[in-house]
Amino acid sequence: MSWAGSGKPGSAKREAFRARTRTDLTHVLELLRDGVLTAQIAAQFPPAEAGAAMEPAESSARTAPGKIIFTP
């Protein structure tokens, strides 16, 4: 199954997949909003430092848990 769901655009199968994904994502975002879940952020970089952001992402050690994000 691909990210957009299987089936042709507009098919019932694809629309059902998208509806489930929307429901699941909404639930996760509500849990984040309510503080039940906490996102682990390993590092933050401005977009101008995209090259530097790739270093920890591609590190073979990957010692920092969490995601690397870009901030304005």
- Quick one: side chain to side chain contact (heavy atoms under 4.5 Å, CB included) partners of Leu32, sequence neighbours excluded? Val28, Leu29, Leu37, Ala39
- Task: Measure the CZ-CD distance between Phe70 and Glu49 for me, rounded to the nearest 0.5 Å.
- Result: 9.5 Å
- Note on the structure: Applying side chain to side chain contact (heavy atoms under 4.5 Å, CB included) to Ala43 and not counting sequence neighbours gives Phe45, Ile68
- The remaining residues in the hydrophobic cluster of Ile69, counting side-chain heavy-atom contacts under 4.5 Å among Ile, Leu, Val, Met, Phe, Trp and Tyr, are Ile41
